[in-house]
There are 2 protein chains.
Amino acid sequence: MGASKLSIHTEHQQQIAEIAKVLAHPARVAILEYIAKQKNCICGDIVDEIGLSQPTISQHLQVIRNAGLLKGTFEGKRLCYCLDHDRFQEFQQLLNDYFHQTVVSDCC
Amino acid sequence: MGASKLSIHTEHQQQIAEIAKVLAHPARVAILEYIAKQKNCICGDIVDEIGLSQPTISQHLQVIRNAGLLKGTFEGKRLCYCLDHDRFQEFQQLLNDYFHQTVVSDCC
DNA sequence: TATTATCATCGTAATATTGCAATATCATAT
DNA sequence: ATATGATATTGCAATATTACGATGATAATA
């Protein structure tokens with residue numbers, strides 16, 4: 001198959017999985033790091049920074065954008081991508097909640 | 001392709017991606033939740049709990065085990081799967097560090 | 001020993017992901 | 001209006017993931 005049986009899981013479980021999927025590729029981890037530290041919204045050189053082709057970067061960016069992590073706007077001639085601070089923090093919060101909620105009962 | 005170009009990313013970026021991959025499927029999120037709350041190491045009924053076949057659960061468990069999240073032992077006739085508390089906390093810590101390290105400079 | 005219960009592995013099918021070349025789009029500059 | 005530069009989209013190939021039936025391995029029990 002390859003398609004996951006979504007209906008059998010809770011909304012919350014799917015939400016955590018969706019969030020994790022964004023971080024589940026090193027290129028996206030790298031892109032997020034790079035975009036985050038850009039102070040001046042000049043984001044056109046992600047391709048040079050990461051060692052992947054422009055279409056591939058664009059594809060990863062779409063995954064990040066679909067997750068709601070990008071605030072985009074235009075500045076001069078370049079399209080600007082900025083990390084959405086609030087959404088990024090929401091990611092952190094949701095994952096943190098998951099870890100806190102999932103209390104491991106010491107057994108073995 | 002489908003294979004990711006690992007060499008171009010840092011160890012740390014790959015580590016975050018590896019961790020995220022474990023959580024990147026709702027079934028594994030559900031399995032982790034379920035195993036965590038089991039107090040008495042009776043773990044044979046994950047299959048009944050989650051709505052997936054035994055081989056599929058076993059496959060997901062292998063992903064979780066490969067990530068170092070399982071402490072296994074025997075108890076009576078049943079193989080026991082328990083969440084490794086320390087490793088689970090390490091996951092939390094590493095993700096938390098990533099979020100803290102990735103400080104978003106407010107630009108747009 | 002034979003049976004049963006439990007979990008792992010194998011084989012296979014369907015789908016998803018990753019990556020890039022080619023091409024399209026679109027804002028800006030000339 | 002046309003050319004240029006930057007990003008998005010399309011199409012395709014290779015690989016990974018997800019799922020399950022069939023089968024194998026192993027421990028407890030009859």
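Atom set for the values below is all heavy atoms of this structure, side chains included, hydrogens, waters and symmetry mates excluded. Here is the naming used below: chain letters follow the sequence lines, and residue numbers restart at 1 for every chain.
Atom-to-atom, CD of A/E18 to P of C/dT17 comes out at 9 Å; the value is rounded to the nearest Å. Atom P of nucleotide C/dG19 and atom CD1 of B/I8 are separated by 7 Å, given to the nearest angstrom. The interatomic distance linking A/I31 (CD1) with C/dT18 (P) rounds to 11 Å, in whole Å. Note: NE2 (A/H9) to C1' (D/dA19) measures 12 Å, nearest angstrom. Look at NE2 on A/H25: it is 17 Å from P on C/dA16, rounded to the nearest Å. Between the CD atom of B/Q59 and the P atom of D/dC20 there is a distance of 10 Å, rounded to whole Å. Atom C1' of nucleotide C/dC7 and atom CD of B/E49 are separated by 18 Å, given to the nearest angstrom. Rounded to a whole Å, the CG atom of B/D48 is 12 Å from the C1' atom of C/dT6.
The side chain to side chain contact (heavy atoms under 4.5 Å, CB included) test applied to B/Q59 returns no partner, not counting sequence neighbours. Checked against side chain to side chain contact (heavy atoms under 4.5 Å, CB included), B/A30 has the following partners two or more places apart in sequence or in another chain: A/H9, A/Q13, B/I50.
Toward the 5' end of DNA chain D, the nearer of the two residues B/Q54 and B/H60, judged by each one's closest nucleotide, is B/H60.
If you check the side chains of A/N66 and A/Q62, you find no donor sitting under 3.5 Å from an acceptor.
Residue B/S53 places none of its side-chain N or O atoms closer than 4.0 Å to OP1 or OP2 of D/dA19. For the OP1/OP2 pair of C/dT18 and a distance below 4.0 Å, the side-chain nitrogens and oxygens of A/T56 include no atom meeting the criterion.
Among the nucleotides D/dT18, C/dG19, D/dA19, the one closest to any side-chain atom of B/L52 is D/dA19. In this structure, of D/dT9, C/dT18, D/dC20, it is D/dC20 that holds the atom nearest to the side chain of B/P55.
Closest heavy-atom contact between A/V47 and A/S53: CG1-C, 4.3 Å.
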